Amino acid sequence: MPVTVLLVDDEPLVRAGLRAVLEAQPDIEVVGEAADGAAVIPLVRQLRPDVVAMDVRMPLMDGIEATRAVLRTVPEPPKILVVTTFENDEYVYEALRAGADGFLLKRARPAEIVHAVRLVAEGESLLFPASVRRLAAEYGDGDNGGNRAARAVLERARLTEREAEVLRLMARGLSNAEIAARLVVGTETVKSHVSAVLAKLQARDRTQAVIVAYESGFVAPG
């Protein structure tokens, strides 16, 4: 089955460019478009896309609020990939904190766009981990000690030693297969550990878990 994508951007040329790049791939299908975040929820309910590629800045409802709305109201919500002009942008970090699974630069090369959609759909690796670290360092609340809310989440989680090790490797951007090779265990074992980490942190995905790891001070973002 192809990865289905909904494009949300107030610039028609951006939507047309993304559609051309993605529909050139045999395993990706663009199932719809919208010009503002306010239209996302009905389209997600109607089309059930696997991934929503959504501009972070739009006139009526931006990508941050649209992300929150989708995750709050849609059962089994899609993966959300925010599309942005600037990489080092507080809006991008707020979108990730709101629940977005990753971000994509509008100037990205076609191969990078396709890779981002596939990676987010699979959910087995962190998209642009170095950029997420930089964003956490600049916009995450608190200094190296992290903020109290994130520390409280981590303390309540009571991760085992192995789960903590897996979280550190996730924060470095390693995929499940790479973590398995590093720890000399099977991929299914790593998947079980990742699932346990997400459940204990009450994180929707590995991006949210990694943000908790950075903001709590468990992993240094530098």
Side-chain angles (χ1 to χ4, degrees), residues 8-9 14 18 37 51-58 61-71 77-109 111-154 157 164 166-175 178-179 194 197-198 201-222:
V8 186
D9 196 295
V14 172
L18 289 173
V51 177
V52 176
M54 179 158 53
D55 190 8
V56 74
R57 298 186 187 227
M58 293 176 285
M61 180 183 287
D62 64 26
I64 300 170
E65 287 305 314
T67 295
R68 292 194 183 107
V70 168
L71 299 183
K79 301 290 187 179
I80 297 177
L81 184 63
V82 293
V83 183
T84 179
T85 302
F86 304 107
E87 178 179 2
N88 193 22
D89 188 338
E90 187 172 5
Y91 277 81
V92 173
Y93 192 65
E94 286 304 313
L96 295 177
R97 294 182 81 188
D101 301 273
F103 69 92
L104 176 67
L105 293 175
K106 290 187 178 183
R107 65 176 183 273
R109 297 188 299 270
E112 292 174 326
I113 295 170
V114 171
H115 174 70
V117 168
R118 288 176 178 152
L119 196 64
V120 165
E122 291 167 0
E124 292 197 358
S125 189
L126 188 68
L127 183 60
F128 304 138
S131 296
V132 175
R133 283 196 294 272
R134 286 195 296 270
L135 288 167
E138 184 159 359
Y139 300 114
D141 293 336
D143 298 318
N144 290 334
N147 65 41
R148 285 178 293 178
R151 285 200 303 271
V153 169
L154 192 66
V166 167
L167 179 57
R168 289 189 184 95
L169 295 174
M170 287 166 57
R172 291 175 57 186
L174 273 65
S175 67
E178 290 167 334
I179 294 173
V194 170
V197 169
L198 298 186
L201 294 178
Q202 297 183 321
R204 153 179 151 85
D205 54 39
R206 61 203 302 142
T207 301
Q208 307 311 308
V210 166
I211 286 175
V212 170
Y214 288 141
E215 293 194 343
S216 67
F218 178 74
V219 176

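Keep in mind that what you see is a predicted model, and the values were worked out from it rather than measured.
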Rounded distance (nearest 0.5 Å) linking atom [atom1] of [X] with atom [atom2] of [Y]:
X: Thr84; Y: Arg107; atom1: OG1; atom2: CZ; result: 9.0 Å
X: Leu105; Y: Thr85; atom1: CG; atom2: OG1; result: 8.5 Å
X: Leu135; Y: Phe128; atom1: CG; atom2: CZ; result: 11.5 Å
X: Ile179; Y: Arg172; atom1: CD1; atom2: CZ; result: 10.0 Å
X: Glu124; Y: Glu178; atom1: CD; atom2: CD; result: 11.0 Å
X: Ile64; Y: Glu90; atom1: CD1; atom2: CD; result: 8.5 Å

Got a donor-acceptor contact below 3.5 angstrom from the Ser125 side chain to the Gly173 backbone?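 Yes, Ser125 side chain to Gly173 backbone: donor-acceptor pair under 3.5 Å.
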Are [X] and [Y] close enough that some pair of their side-chain heavy atoms sits under 4.5 Å apart?
X: Val56; Y: Asp62; value: no
X: Leu167; Y: Leu201; value: yes
X: Tyr93; Y: Ile211; value: yes
X: Asp101; Y: Leu127; value: no
X: Pro77; Y: Arg204; value: yes
X: Ser216; Y: Val153; value: no
X: Val194; Y: Arg206; value: yes
X: Leu126; Y: Met170; value: no

Residue pair Val132, Thr207: steps toward the side chain to side chain contact (heavy atoms under 4.5 Å, CB included) verdict: CA-CA 9 Å; Val132 175; Thr207 301; 5.5 Å; no
Return the minimal non-hydrogen interatomic distance between [X] and [Y], and the atom names on each side.
X: Ala116; Y: Leu81; result: CB-CD2, 4.1 Å
X: Val8; Y: Met58; result: CG1-SD, 3.7 Å
X: Gln208; Y: Ala100; result: NE2-O, 2.9 Å
X: Gly99; Y: Leu71; result: CA-CD1, 3.5 Å
X: Met54; Y: Ala66; result: SD-CB, 3.5 Å
X: Pro129; Y: Tyr214; result: O-OH, 4.4 Å

Check the pair Val70 / Val52 against side chain to side chain contact (heavy atoms under 4.5 Å, CB included), numbers first and verdict last. CA-CA 10 Å; Val70 168; Val52 176; over 6 Å; no
Please indicate whether Glu112 has more than 12 foreign heavy atoms, meaning atoms of other residues, nucleotides or ligands, lying under 6.0 Å from its CD.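 Buried by this count: over 12 neighbours within 6.0 Å.
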List the steps and the verdict of side chain to side chain contact (heavy atoms under 4.5 Å, CB included) for Glu94 and Arg68. CA-CA 10 Å; Glu94 286 304 313; Arg68 292 194 183 107; 4.3 Å; yes
Taking the basic N atoms (NZ, or NE/NH1/NH2) and the acidic carboxylate oxygens, is any pair closer than 4.0 Å for Lys106 and Asp9?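 Asp9 and Lys106: salt-bridged.
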